[in-house]
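Report on one structure; see the data block that follows.
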Amino acid sequence: MELDALVDQFNKLLVTDFDGTITAVDFFERVLEQLLGREYPDYWQQYVRGEITHFDALNSIFGELRVGQEQLLQIAESVGLQASFADDVQRLQTGGWGVIVVSAGSKWYIEQLFERRGVRLPIVSNPGEVSPEGSLQMSLDRESRFFNREIGIDKAGVVRWALQNFEQVAFAGDGRPDVAAAELVVDDRRFARGWLAEHFATQCTPFVRFEFWSQVADKLLTDELLPERG
């Protein structure tokens with residue numbers, strides 16, 4: 001489904017992160033578990049210290065694990081995608097909410113998981129493929145209208161596009177790359193869990209806390225939105 005087709009079908013849009021938002025844990029966290037005990041640079045801390053980009057940190061971590069497509073798919077299946085996910089998407093769409101996924105990870109494993117569940121959604125993420133060495137290799141889509149060198153995609157840019165084209169826009173996320181995008185939507189459409197929730201609580205930024213992605217669907221469809229205010 002192309003992005004612009006959403007404008008013709010829906011008047012409300014949920015922009016949602018994938019890793020740690022739709023899923024219980026990040027794909028890269030599962031990769032790190034597989035790498036326990038191995039010697040390699042601490043790419044994530046290099047990113048946190050501002051020495052390398054978020055994209056380069058993830059891509060380097062993925063490159064350390066050389067296990068092949070089958071095991072990479074097994075790792076993807078272990079991230080905790082809710083059994084109700086396909087039904088939750090259908091409920092949102094029936095209720096007038098389009099859904100678009102924005103991820104600083106790779107489109108490769110997101111598409112694989114969606115295909116296995118019969119879910120078709122627009123995905124703005126970094127292209128990826130399994131290298132001859134058996135690792136997941138991401139690439140930058142410099143031709144994308146939402147390109148961003150830091151994380152590969154401009155999540156805030158997607159939200160700004162949505163705000164220009166839809167009557168209501170919600171955002172759901174959990175991590176550092178989600179801050180700027182989440183801050184663009186109104187308080188009761190700003191959904192956060194994990195690191196992002198604690199960040200907003202510390203900053204006294206109103207948000208709606210959730211634990212499972214299905215709760216985002218529930219709240220949007222029932223308008224039971226009581227944002228926390230830190």
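Note on ring orientation: taking the six-membered ring where Trp is involved, the planes of H199 and W195 are parallel (angle under 30°, cut-offs 30° and 60°). F166 and W161 have perpendicular rings, their planes meeting at more than 60° on a 0 to 90° scale where under 30° would count as parallel.
Under the 4.5 Å side-chain heavy-atom criterion for ILVMFWY residues, no single connected hydrophobic cluster contains both V186 and L221. In the hydrophobic cluster analysis, where Ile, Leu, Val, Met, Phe, Trp and Tyr join through side-chain heavy atoms closer than 4.5 angstrom, I22 is grouped apart from F212. In the hydrophobic cluster analysis, where Ile, Leu, Val, Met, Phe, Trp and Tyr join through side-chain heavy atoms closer than 4.5 angstrom, Y43 is grouped together with L35.
Salt bridge absent: E183 and K155 never bring a charged side-chain N and a carboxylate O closer than 4.0 Å. With respect to the salt-bridge test (charged N to carboxylate O, under 4.0 angstrom), the residues R193 and E211 qualify. Checked for salt-bridge contact, D218 and R91 meet the test: a charged N lies under 4.0 Å from a carboxylate O.
Here CG of L14 is found 9.0 Å from CZ of F171. Values are rounded to the nearest 0.5 Å. Between Q215 atom CD and R209 atom CZ the span is 11.5 Å, to the nearest 0.5 Å. To the nearest 0.5 Å, atoms CG (L121) and CD (Q93) are separated by 6.0 Å. Once rounded to the nearest 0.5 Å, the distance linking CD of E111 with CZ of R120 reads 11.0 Å. Rounding to the nearest 0.5 angstrom, the gap separating the CD1 atom in I151 from the CG atom in L140 is 11.0 Å. In this structure, F28 CZ and L32 CG are separated by 5.5 Å, a value rounded to the nearest 0.5 Å.
Panel note: side chain S106, backbone N126; a donor-acceptor pair is recorded below 3.5 Å. Counting only distance, with no hydrogens or angles, the side chain of N59 and the backbone of M138 share a donor-acceptor pair below 3.5 Å. Listed for the Q82 side chain is a donor-acceptor partner under 3.5 Å among the backbone atoms of W213. Within the 3.5 Å criterion, the main-chain N or O of H54 finds a donor-acceptor partner in the side chain of E150.
Residues V15 and V185 form no side-chain contact, since every pair of their non-hydrogen atoms from C-beta on lies 4.5 Å or further apart. In this structure, the side chains of K219 and R189 stay at 4.5 Å or more apart for every pair of heavy atoms. At least one side-chain heavy atom of R117 sits under 4.5 Å from a side-chain heavy atom of L81. Residues F210 and T21 meet the side-chain proximity criterion, which asks for heavy atoms closer than 4.5 Å. Between V31 and L136 there is no side-chain heavy-atom pair separated by less than 4.5 Å. Contact of the F191 side chain with the T16 side chain is not registered, since no non-hydrogen atoms from C-beta on lie closer than 4.5 Å. Counting only heavy atoms from C-beta outward, the side chains of V124 and L3 approach each other to under 4.5 Å. Annotation: side chain of T205 is in contact with side chain of R190 (closest heavy-atom distance under 4.5 Å).
Here salt bridge (Lys or Arg N to Asp or Glu O under 4.0 Å) pairs that include residues 128-146, with residues two or more places apart or in two chains, are D4-R145.
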Derivation of the side chain to side chain contact (heavy atoms under 4.5 Å, CB included) call for V101 and F114: CA-CA 11 Å; V101 175; F114 283 5; 4.0 Å; yes
Chi angles and distances behind the side chain to side chain contact (heavy atoms under 4.5 Å, CB included) call for D17, L196: CA-CA 11 Å; D17 173 53; L196 186 64; over 6 Å; no
Working for side chain to side chain contact (heavy atoms under 4.5 Å, CB included), residues R66 and Q71: CA-CA 9 Å; R66 303 176 180 91; Q71 189 167 341; over 6 Å; no
Verdict with reasoning, S78 to Q74, per side-chain hydrogen bond (donor to acceptor under 3.5 Å, both in side chains): CA-CA 7 Å; S78 73; Q74 291 176 2; over 6 Å; no
Side chain to side chain contact (heavy atoms under 4.5 Å, CB included) between W44 and L58, worked out: CA-CA 8 Å; W44 189 251; L58 285 191; 4.1 Å; yes
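Aromatic pair F62/F27: centroids less than 6.0 angstrom apart.
Taking every heavy atom of both residues into account, D154 and N148 meet most closely at N-CB, 3.7 Å. When all heavy atoms are compared, the tightest approach of A192 to F200 is CB-CD1, 4.1 Å. Scanning all heavy atoms of the two residues, the minimum distance from L184 to A156 falls at CD1-O, 3.5 Å. Nearest heavy-atom pair, Q137 versus S131, reported as atom, atom and distance to 0.1 Å: CB-CB, 4.5 Å. Nearest heavy atoms, L113 versus A76: CD1-O, 3.7 Å. Looking at every heavy atom in both residues, Y47 comes nearest to A57 through CB-CB, 3.7 Å.
For E64 and S60, the side-chain atoms include no donor-acceptor pair closer than 3.5 Å. A donor-acceptor pair shorter than 3.5 Å can be found between the side chains of T53 and D56.
The neighbour count for F147 CZ, taken as heavy atoms of other residues, nucleotides or ligands under 6.0 Å away, is above 12.
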